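Just dropping this structure here.
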Amino acid sequence: MSEIEFHKKYKIEINDFDLKQTLECGQCFRYQKLDENSYIIVARERVLKIEQDNNFFTFYTSEEEFHSIWEDYFDLKNDYKAIKNLLAEKDEYLKKAVEEKHGVRIIKQEPWETLISFILSQTKQIPHIMALVEALSKAYGEYLGSYMGKEYYSFPGFEKLKRVSEEEYRALKTGFRAVYLFDAVKRANENLLDLEELRTKETGYIREELKKIKGVGDKIADCVLLFAYSRTEVFPTDVWIKRLMAHFYAIDESNTSLISKFAEEYFGELGGYAQQYLFYYGRDNKLGK
DNA sequence: GACCAGGGTAACT
DNA sequence: AGTTACCATGGT
């Protein structure tokens, strides 16, 4: 078991960015909190340690890797101050949400990991989702090293999952999602699903292609579009958002299509950002019951 | 033990 | 086209 050293460091000042908020807002499932100001994340076949001291961040990697990978991964070149200003002008709820959750950034995650993670997410609470993703990685991913008594594994690609049976997925406590996992892996391996090719396609086309996978509907497809393909105009509509839209804007929470239509007109191109600020703000403050 | 969790499907009206 | 039971599992 090789201990990861993290001997390289790159320190940089970044505004409108908060580690806790960005990692714990519900968009990603593979982070480990070390203490109040530092986290370990596993992404892109790597383990990264990050520390935050107000607006200063220490990335335990080279400056070169920060610029080639993590700056893009955390969407750090995007002007979130401008985005937050536009949202805050819309109404009091958004104003409060962007003020309280001022450091959220929409991470650019890998499409495959995002797809599988959100397939696993259905009718699960976030800690459970994290446990399932962890179990899947430990069972079929690559060992990347250990740090402070914890082992880290990469997220397994579809090639690595090619020979895995539904029963083996069930053994990981994935429940009825095992069939969905199996179908996604099968499609990817049979070239019926090419997530890299989809990257450049139109949003609507990507959504329809993703929905061909068993167990993938509008919500999961939209999460992949937002969190992996950076289609920041989409508005993933889950149980929380339904309740919150009823709470904030008096829209019937049982009418998902009406909520989507309202979001499209009201938030426009900023739908994805609005969704994430409202989701995190609402969930964290237990709004909408 | 009932009820719910970052949903989706199939079988109903 | 719009409801509803059900899916597997873990936590309150």
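Here is the naming used below: chain letters follow the sequence lines, and residue numbers restart at 1 for every chain. If you're wondering where the values come from, they're calculated on a predicted model, not measured in any experiment.
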### Task
Answer yes when A:E92 and A:K96 have at least one side-chain N-carboxylate O distance shorter than 4.0 Å, and no when they do not.
no

### Query
With a 4.0 Å cut-off on heavy atoms, is A:G215 in touch with a base, just the backbone sugar-phosphate, or nothing at all?
sugar-phosphate

### Query
Less than 5.5 Å between centroids and less than 30° between ring planes, does A:F279 satisfy that with B:dG6?
yes

### Message
If you assign each of A:H128 and A:Q122 to its closest nucleotide in DNA chain C, which residue comes earlier from the 5' end?
### Response
A:Q122

### Message
If I take atom NZ in residue A:K173 and atom P in nucleotide C:dG10, what distance separates them, rounded to the nearest angstrom?
### Response
5 Å

## Note on the structure
With the side chain defined as heavy atoms from C-beta on, A:P236 is closest, among B:dG8, C:dG10, B:dG6, to B:dG6

### Task
Mind calculating the distance between CG (A:N255) and P (C:dG2) to the nearest angstrom?
8 Å

### Task
Using the P atoms only, state how far C:dG10 lies from B:dG8, rounded to an integer number of Å.
22 Å

### Query
Base, sugar-phosphate, or nothing for A:V179, non-hydrogen atoms under 4.0 angstrom?
nothing

#### Entry: Polar side-chain atom of A:Q32 near backbone of A:K150 as donor-acceptor pair, under 3.5 Å
no

### Message
Which is more 5' along DNA chain B, the nucleotide nearest A:K214 or the one nearest A:Q27? Just name the residue.
### Response
A:Q27

### Base paired to C:dG11 (Watson-Crick or G-U; both N/O distances under 3.5 angstrom)
B:dC3

### Query
Between A:Q125 (CD) and C:dT9 (P), how many Å, whole number?
16 Å

### Message
If the cut-off is 4.0 Å, is A:R177 near the phosphate of B:dT9, judged by side-chain N/O to OP1 or OP2?
### Response
no

### Task
Provide, to the nearest angstrom, the distance between the CD1 atom belonging to A:I129 and the C1' atom belonging to B:dG6.
6 Å

### Query
Which pair of non-hydrogen atoms, one from A:E253 and one from A:A246, has the smallest distance, and what is that distance?
CB-CB, 3.9 Å

### Task
Can you tell me the distance, in whole Å, between the CZ atom of A:F29 and the P atom of B:dG6?
9 Å

### Task
Using a heavy-atom cut-off of under 4.0 Å over every strand shown, decide if A:T123 touches base, sugar-phosphate, or nothing.
base

### Task
Can you tell me the distance, in whole Å, between the CE atom of A:M130 and the C1' atom of C:dT9?
18 Å

### Task
Using atom CZ of A:F176 as one end and atom P of C:dA5 as the other, report the distance to the nearest whole Å.
16 Å

### Query
Mind checking the P distance from C:dT3 to B:dG6? Whole angstroms is fine.
24 Å

### Query
Counting only N and O atoms by type, is there a donor-acceptor contact under 3.5 Å from the side chain of A:S154 to the main-chain atoms of A:E142?
yes

### Message
Please classify the nucleic acid contact of A:C25 as base, sugar-phosphate, or nothing, using heavy-atom distances under 4.0 Å.
### Response
base

### Task
Using modelled atom types only, decide if a donor and an acceptor are shared between the side chain of A:D18 and the backbone of A:Q21 within a distance under 3.5 Å.
yes

### Task
Determine the minimum heavy-atom distance between A:Y147 and A:E3, stating which atoms define it.
CA-OE2, 3.5 Å

### Message
Need one value for A:P127: base, sugar-phosphate or nothing, where a base atom within 4.0 Å counts as base even if backbone is also close, heavy atoms only.
### Response
nothing

### Task
Please state how far atom CD1 in A:I126 lies from atom C1' in C:dG11, giving the value in whole angstrom units.
15 Å

